[in-house]
**Q** 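A single structure is presented below for examination.
Computed from heavy atoms alone, side chains included, the values below leave out hydrogens, waters and symmetry copies.
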Amino acid sequence: MKILHKDFALNQTGTAKLMAEEPDDVWVLYNLILPGDVVSADTTRKVHLDSSTKKNTPSRIKLTLNLKVTCRDFHKDSSTLRLHGRNLHSNQQVAAGSFHTLSLEPHKPFVLRKNLWENEALQTLKDTAQKEHSKSNSTSISDLAVVLFHPHHAEIHLIAEGATTHCTKVESSPNSRKNGKVSSSVFFRRVLAALVKLVDFKVLRSVVVTSEEFRRFAVSEARKLRIRWIEDNKTRVVVVEDGDCLEKVLSDPTVTELVKDSKIGAFRDLWEMVCNDSGRACYGAEEVERAKEMRAIETLLITDDLFRNEEVGTRQRYASLVKSVKDGGGKALVFSPMHVSAQQLAQLTGVAAILRFPLPDLELQDGNGVK
């Protein structure tokens with residue numbers, strides 16, 4: 001997220017000019033922009049212009065809308081935030097007071113005005129600025145490409161700081177299929193071409209593939225085509241054979257080390273503890289809050305859907321939980337919907353914790369002995 005300009009102070013009216021740079025930033029904006037805020041951004045509208053002919057000529061023109069937000073919708077698949085509200089300033093095409101919609105997406109700047117910049121909003125922008133500073137000053141490479149092979153197609157995903165982007169799907173042709181499996185240098189060549197086109201090898205840590213055959217093909221082709229990154233970094237093309245889905249690939253310990261994302265590592269540790277019934281992990285609001293009361297939480301894992309829930313009571317409950325864990329010296333990791341582990345965490349009720357010490361009887365400590 002880029003903060004292009006800011007003019008605000010705590011608990012005062014002010015503005016900020018912002019621009020999302022990646023899909024995860026759009027989710028941050030969804031939680032930052034609230035009903036009652038005013039958003040100004042350029043958009044286009046189709047209008048009918050008079051012409052010398054009998055019919056009007058339809059045309060799209062650029063204009064600026066100033067919407068007082070009434071509601072907003074986040075579309076994960078397209079990484080788009082749709083804002084609905086009243087236009088405050090009239091122009092030749094849009095009347096003041098009329099309802100309209102603005103779409104915010106990566107690389108689209110806009111101005112946000114709040115009547116009251118509360119501490120949570122300021123903290124959000126502070127965290128964003130720190131993240132941007134860390135990225136610009138980091139010498140480490142944070143991006144990972146994953147190529148998943150299925151019986152009749154391949155998928156290419158990019159992983160950046162735990163957030164996933166599905167880039168493309170490469171289908172095999174029917175005549176390249178043998179015994180139900182894809183076996184064709186032509187198909188592999190198409191997959192390699194898509195990979196080279198989509199990724200920036202200058203900022204890539206590694207490539208993970210689920211086919212040893214494709215890895216051998218890619219290394220051989222790189223030598224012929226002078227794809228220097230693959231030629232010079234053969235060891236950074238990693239094979240995970242047992243990987244029929246992205247979640248399984250990213251849970252592989254080798255890949256976890258490559259991603260260097262604390263949330264993926266934390267969820268892997270949590271899941272291992274749950275599976276092994278070690279007593280050092282719990283999930284569900286009631287169990288986690290009891291662990292908090294005992295000051296036993298080392299790491300809290302919570303989905304953004306709970307932490308920034310639209311229902312005020314729910315949001316306050318989990319905001320208080322996060323604050324208590326931090327005040328007690330623990331860590332709190334908030335998983336946005338774009339994060340690769342968010343769906344798995346949601347299946348564990350959306351809130352879980354790694355404990356400082358085992359509490360095997362925690363689930364029996366409610367009033368009637370029922371979990």
**Q** With a 3.5 Å cut-off and no angle check, do the side chains of His339 and Asp304 form a donor-acceptor pair?
**A** no
**Q** Rounded at 0.5 Å granularity, tell me how far CG in Asp269 sits from CG in Leu301.
**A** 9.5 Å
**Q** Go through the steps to decide whether Leu300 and Val322 satisfy the test side-chain contact (heavy atoms from CB on, under 4.5 Å), and finish with yes or no.
**A** CA-CA 8 Å; Leu300 176 72; Val322 167; 3.8 Å; yes
**Q** To check you understand the geometry: which heavy-atom pair defines the closest contact between Thr349 and Gly284, and what is its length?
**A** OG1-N, 3.1 Å
**Q** Using the rule given for side-chain contact (heavy atoms from CB on, under 4.5 Å), can you reason through Glu231 versus Ile227, listing the C-alpha separation, both sets of side-chain angles and the distance that settles it, and then say yes or no?
**A** CA-CA 6 Å; Glu231 276 193 282; Ile227 306 175; 5.8 Å; no
**Q** Using modelled atom types and a 3.5 Å cut-off, is there a donor and acceptor pairing between side-chain atoms of Arg356 and backbone atoms of Arg295?
**A** yes
**Q** Heavy-atom count around Trp229 CH2 within 6.0 Å, excluding the residue itself: above 12?
**A** yes
**Q** For residues Leu359 and Cys282, determine if any side-chain heavy atom of one lies less than 4.5 Å from a side-chain heavy atom of the other.
**A** no
**Q** Side-chain donor-acceptor pair under 3.5 Å between Ser172 and His152, yes or no?
**A** no
**Q** Any side-chain heavy-atom pair from Val238 and Asp252 closer than 4.5 angstrom?
**A** no
**Q** Backbone N or O of Asn66 within a donor-acceptor pair of the Asn87 side chain at under 3.5 Å?
**A** yes
**Q** Do Arg290 and Met294 have side-chain heavy atoms sitting under 4.5 Å apart?
**A** no
**Q** Apply side-chain contact (heavy atoms from CB on, under 4.5 Å) to the pair Phe267 and Leu348, showing each step before the final yes or no.
**A** CA-CA 11 Å; Phe267 185 83; Leu348 286 178; 4.2 Å; yes
**Q** Which distance, rounded to the nearest 0.5 Å, do you find between the OG of Ser211 and the NE2 of His150?
**A** 12.0 Å
**Q** Evaluate the ring planes of Phe149 and Phe188, with Trp represented by its six-membered ring, and classify them as parallel (under 30°), tilted (30 to 60°) or perpendicular (over 60°).
**A** perpendicular
**Q** Side chains of residues 111-121: which donor-acceptor partners sit under 3.5 Å, not counting sequence neighbours?
**A**
{"residue": "Lys114", "atom": "NZ", "partner": "Leu32", "partner atom": "O", "Å": "2.9"}
{"residue": "Lys114", "atom": "NZ", "partner": "Asp37", "partner atom": "OD2", "Å": "2.7"}
{"residue": "Trp117", "atom": "NE1", "partner": "Gly14", "partner atom": "O", "Å": "2.8"}

**Q** Quick check: closest heavy atoms across Ala285 and Val351, and the distance to 0.1 Å?
**A** N-CG1, 3.7 Å
**Q** Within this structure, what is the OG1-CD1 distance for the pair Thr168 and Ile156, rounded to the nearest 0.5 Å?
**A** 6.0 Å
**Q** Hey, could you give me the CD1/CH2 distance between Ile354 and Trp271, rounded to the nearest 0.5 Å?
**A** 13.5 Å
**Q** Is the shortest side-chain heavy-atom distance between Asp25 and Pro106 below 4.5 Å?
**A** no
**Q** Output, in order, the C-alpha distance, side-chain angles, deciding distance and verdict of side-chain contact (heavy atoms from CB on, under 4.5 Å) for Leu321 and Phe307.
**A** CA-CA 9 Å; Leu321 174 63; Phe307 181 56; over 6 Å; no
**Q** OG1/Thr80 to CG/Leu29 distance, rounded to the nearest 0.5 angstrom?
**A** 11.5 Å
**Q** Would you confirm whether Lys292, through its side chain, and Gly328, through its main-chain N or O, come within 3.5 Å as a donor-acceptor pair?
**A** no
**Q** Taking the six-membered ring for Trp, are Phe187 and Phe217 ring centroids under 6.0 Å apart?
**A** no
**Q** If you count the non-hydrogen atoms of other residues, nucleotides and ligands that lie under 6.0 Å from NZ in Lys108, is the total more than 12?
**A** yes
**Q** How close do Val288 and Ala353 get, heavy atom to heavy atom, and via which atoms?
**A** CG2-N, 4.2 Å
**Q** Are any of the side-chain heavy atoms of Arg72 and Tyr30 separated by less than 4.5 Å?
**A** yes
**Q** Do Glu298 and Lys331 make a side-chain contact, defined as non-hydrogen atoms from C-beta onward lying under 4.5 Å apart?
**A** no
**Q** Report yes or no: does Arg82 contribute a side-chain atom to a donor-acceptor pair with the main-chain N or O of Thr101 at less than 3.5 Å?
**A** no
**Q** About how many Å separate CG of Leu65 and OG1 of Thr44, when rounded to the nearest 0.5 Å?
**A** 10.0 Å
**Q** So among Arg226, Arg216, Arg190, Arg189, which one has a salt bridge (Lys or Arg N to Asp or Glu O under 4.0 Å) with Glu221?
**A** Arg189
